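All heavy atoms count here, side chains included; hydrogens, waters and symmetry mates do not. Predicted model, so just to flag it, every value in this text is computed and none were measured.
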Amino acid sequence: MALALVGLSSQAMAAKVSFDYFDDSDWLKEDKGFVRFFVDVLDDNYLVVPKDGIQEVNVYVEDNLVPGDMTIETVKDANEPVAIAILVAAHQSYAYKMEGSASPDILEATKRGYKAFLGNLSDQDWTTVWYYNEEGIKRVQSWGQNQSQAADQLDRIKPGEKGDMQPPGLYNAIKKVVEDVNENSSTLPRRRLVVVMSDGKDRYLENSSLLERRINDIVETATTAGNAKIYALGYTLDLPDPLVNLNTVAQKTGGIYRNVSEVDSEDGIATELEKLSREIKNQYVMTFKPKDFGGSDKPVNFRLEMMTTAGPGKYISANPIKWPAKPFNIMGIIIIVLIVIGSLLGIFLLIKLFKGMAARRANRPVEVEEEEEYVGPYKGKLTCTGGAYAGSEFFLTEDVTTIGAIAGNGIVIQEAGVSKRHAGIKIEDMRFELADFGSTNGTYVNGNKITKQFLRDQDKIRIGECELKFTLK
């Protein structure tokens, strides 16, 4: 499920808290009853706040403090996998060692750093490797869990031709990688990152309005579909102005940015990349078991507030989050059923008694009129069979029902891969037509991607990571 953040007001010292995922899969299990928050906690220099630096964490639901037990683990200790798309800068103005100078061989140092980076990952983690230069963007390693193979493929990366002075398309390359993360989101772990080290130069750098549109497009694509964060290291031997755009992309996607231009050796460049992988694996999984909160029948707004050695930090959910209510225990359900049956039986006996009395007064038999069968609009139902909404039911009662990730849709599904206005179902002449609204990740019926299709009873629909079964009334 993908969530947006509301930032903190500027303070002298404050922790930067960003959020990857809310997991309620163990909430309704009788022997567990906890939820998990996947959280990044960084200091003012975008360095990970150590575990012993997180001193207190409080959970609020609808502004009410919820008491409970909180356990904090690193992603590595919790054995939570991460998906990382690596984008290597290889344009000739950046990659070549400057002749006659003591400048480092940046491309070779970058390859060495990413090999160490991959060596810190586990065989549970997923990686892919891309590079860009003056000629465009190329992939050298597809998504997989073989980190040593991905490291070997780094040697295939070559700089552009020396004679080609055309600036590279950095932000086109980043968007391409983000789109690839989105396309594969259904098979990747829920924590997804795009890691890039670059000088920030782009062929559209002088066209500020066009560049701004490209950056905003990247941010929207990254945050509304695959929930991909940009982790960027800025390195340049030239003017630092282009690095500002890298910083913007990283912060707006909830990632991190770090300027490492002061590093003046190949070893230093490699060390910065290797250090970044250790930080990624040392982010946090916070497991919370409430004492006085049983969930809610409706999605709720919640927030985390924490005190750290880097100052106070806060995360606020921008949209209501599904935190389902726990069912009654079996004895409670039995008692309620017996009370309802007894009440209905009493009402039935009273009605018969009053009708008998009225019939005797009128000296004629009691006539009981047969209730007419109600004939209303033809209806259908969608039942979630997979994803975070598994077990939820949505009834189709309107002529047109829209489906998407934001409020205002007839059916709101806040899962990874679901666009703001993803699809819609139109009912006409007892036929149900499903139409895709140009969503990023598409709409599927029985495994086939569709634009429009009439639904049949028991059809299986996939929208993002949510799987649904269509049934007629």
Side-chain angles (χ1 to χ4, degrees), residues 15-16 18 40-50 82 84-98 101-121 127 129-133 150-151 154 157 159 167-168 170-171 173-174 177 193-202 205 215 218 222 228-283 310:
K16 299 173 179 65
S18 62
D40 295 352
V41 185
L42 308 171
D43 64 17
D44 285 338
N45 295 315
Y46 287 92
L47 298 174
V48 177
V49 175
V82 60
I84 301 176
I86 293 173
L87 177 60
V88 181
H91 48 290
Q92 62 95 6
S93 63
Y94 179 78
Y96 284 115
K97 183 174 181 177
M98 297 176 66
S101 75
S103 63
D105 189 327
I106 299 173
L107 182 56
E108 289 307 311
T110 300
K111 291 180 184 179
R112 184 148 50 91
Y114 276 126
K115 287 180 180 180
F117 181 107
L118 290 163
N120 286 333
L121 304 182
T127 53
V129 181
W130 301 71
Y131 75 96
Y132 76 97
N133 57 24
L154 286 164
I157 296 175
L170 167 60
Y171 294 100
I174 293 177
V177 176
L193 309 177
V194 174
V195 177
V196 56
M197 177 173 163
S198 172
D199 58 2
K201 291 181 179 179
D202 186 273
L205 195 61
I215 290 174
I218 290 171
K229 293 184 175 184
I230 310 294
Y231 276 42
L233 296 183
Y235 185 87
T236 182
L237 298 174
D238 204 343
L239 295 175
D241 296 357
L243 299 179
V244 173
N245 299 312
L246 273 179
N247 189 357
T248 300
V249 170
Q251 292 199 36
K252 286 188 175 182
T253 59
I256 70 166
Y257 169 78
R258 193 167 300 136
N259 188 342
V260 294
S261 298
E262 70 279 0
V263 176
D264 58 3
S265 69
E266 294 177 18
D267 287 343
I269 293 171
T271 298
E272 290 295 333
L273 287 167
E274 190 271 340
K275 183 170 66 176
L276 180 61
S277 66
R278 283 187 277 113
E279 292 178 2
I280 288 170
K281 296 297 285 187
N282 284 327
Q283 293 295 358

Subject >> Side-chain heavy-atom pair L233, Y235 within 4.5 angstrom cut-off >> reply: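 Sidechains of Y235 and L233: no contact.
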Are T248 and Y257 close enough that some pair of their side-chain heavy atoms sits under 4.5 Å apart?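 No; the side chains remain at least 4.5 Å from each other.
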Check: S261 side chain, T236 main-chain N or O, donor-acceptor pair, under 3.5 Å: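 Yes, because the side chain of S261 sits within donor-acceptor range (under 3.5 Å) of the backbone of T236.
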* Check for a donor-acceptor pair, side chain of Q283 on one end and backbone N or O of V41 on the other, with a separation under 3.5 Å. =>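 At least one qualifying donor-acceptor pair exists.
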Is the shortest side-chain N to carboxylate O distance from [X] to [Y] below 4.0 Å?
X	Y	result
R258	E279	yes
D267	R112	yes
R278	E274	yes

Nearest atoms (heavy-atom pairs only) where [X] meets [Y]:
X	Y	answer
G234	L243	CA-CD2, 3.8 Å
Y132	S198	OH-OG, 2.8 Å
S18	G254	OG-O, 3.4 Å
K115	A151	CE-O, 3.4 Å

When rounded to the nearest 0.5 angstrom, what distance separates CD1 in I215 from CD1 in I230?
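So the gap between those two atoms works out to 11.0 Å.
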Check the pair D238 / K201 against salt bridge (charged side-chain N to carboxylate O under 4.0 Å, His left out), numbers first and verdict last. CA-CA 10 Å; D238 204 343; K201 291 181 179 179; 3.1 Å; yes
